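The structure is given below, and queries will be raised subsequently.
Keep in mind it's a predicted model, so treat the numbers as computed, not measured. As the structure lists them, so they are numbered: ligands from 1, and atoms in each ligand from 1.
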Amino acid sequence: MGKGVSIQCKKCGFSSTLFEGIGIRSKDFDIFRKNIAKEDNEFIDYILNKDSTNNIVYHNSYGRCNKCGNLATINYVEIQYDIEKKFILDQKCHKCEGRYDVITLEELLKSKCPTCNNEEFDSFVNIDWE
Ligand SMILES: [Zn+2]
Ligand SMILES: [Zn+2]
């Protein structure tokens, strides 16, 4: 079961709900992959077809863009293959050219509002989701 948090900026009213973990319905990697962009999935197929996969880690994570500070749920995917190689799915920001970094709940709650830069969110933690 995943966890979620809703945040709302105290100043401008920006709000967002983010999730982390893995839901019951997306427990299967094939289902989880449906949220991933086509070109990324093609590369994942390429790795999986090599038949040298050691380990696949995938879950939802809280993410923050390293350029514009946008906050979003990201699909974290890490695949170890060919003994020492590691693929980590790149998380491009849909608002700018930046990339999302994985952040903890604590870092999320301390983040600046992506809209007005204010530093205080109201938050409602621990939503269980499927
Ligand atoms: Zn704000
Ligand atoms: Zn961005």
Electrostatic pair Asp45-Arg33, nearest N-O below 4.0 angstrom
yes
Is it true that Asp82 and Ser52 share a donor-acceptor pair across their side chains at a distance under 3.5 Å?
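There is such a pair between these side chains.
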Can you list, by chain and residue number, the protein N, O or S atoms under 2.8 Å from the Zn ion (ligand 2)?
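Within the sphere that stays under 2.8 Å of the Zn ion (ligand 2), the protein atoms of type N, O or S are Cys65 SG, Cys68 SG, Cys93 SG, Cys96 SG.
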Could you check whether Lys10 pairs with Glu120 (Lys NZ or Arg NE/NH1/NH2 to Asp/Glu carboxylate O, under 4.0 Å)?
yes
Salt bridge flag under 4.0 Å for residues Glu78 and Lys86:
yes
Rounded to 10°, how many degrees is the angle SG/Cys9-the Zn ion (ligand 1)-SG/Cys113?
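Between SG of Cys9 and SG of Cys113, the angle at the Zn ion (ligand 1) is about 110°.
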Taking all heavy atoms of Gly98 and all of Asn66, pick out the closest pair and write down the distance.
CA-OD1, 3.6 Å
Worked check of side-chain hydrogen bond (donor to acceptor under 3.5 Å, both in side chains) between Tyr100 and Asn70
CA-CA 8 Å; Tyr100 285 107; Asn70 195 40; 2.9 Å; yes
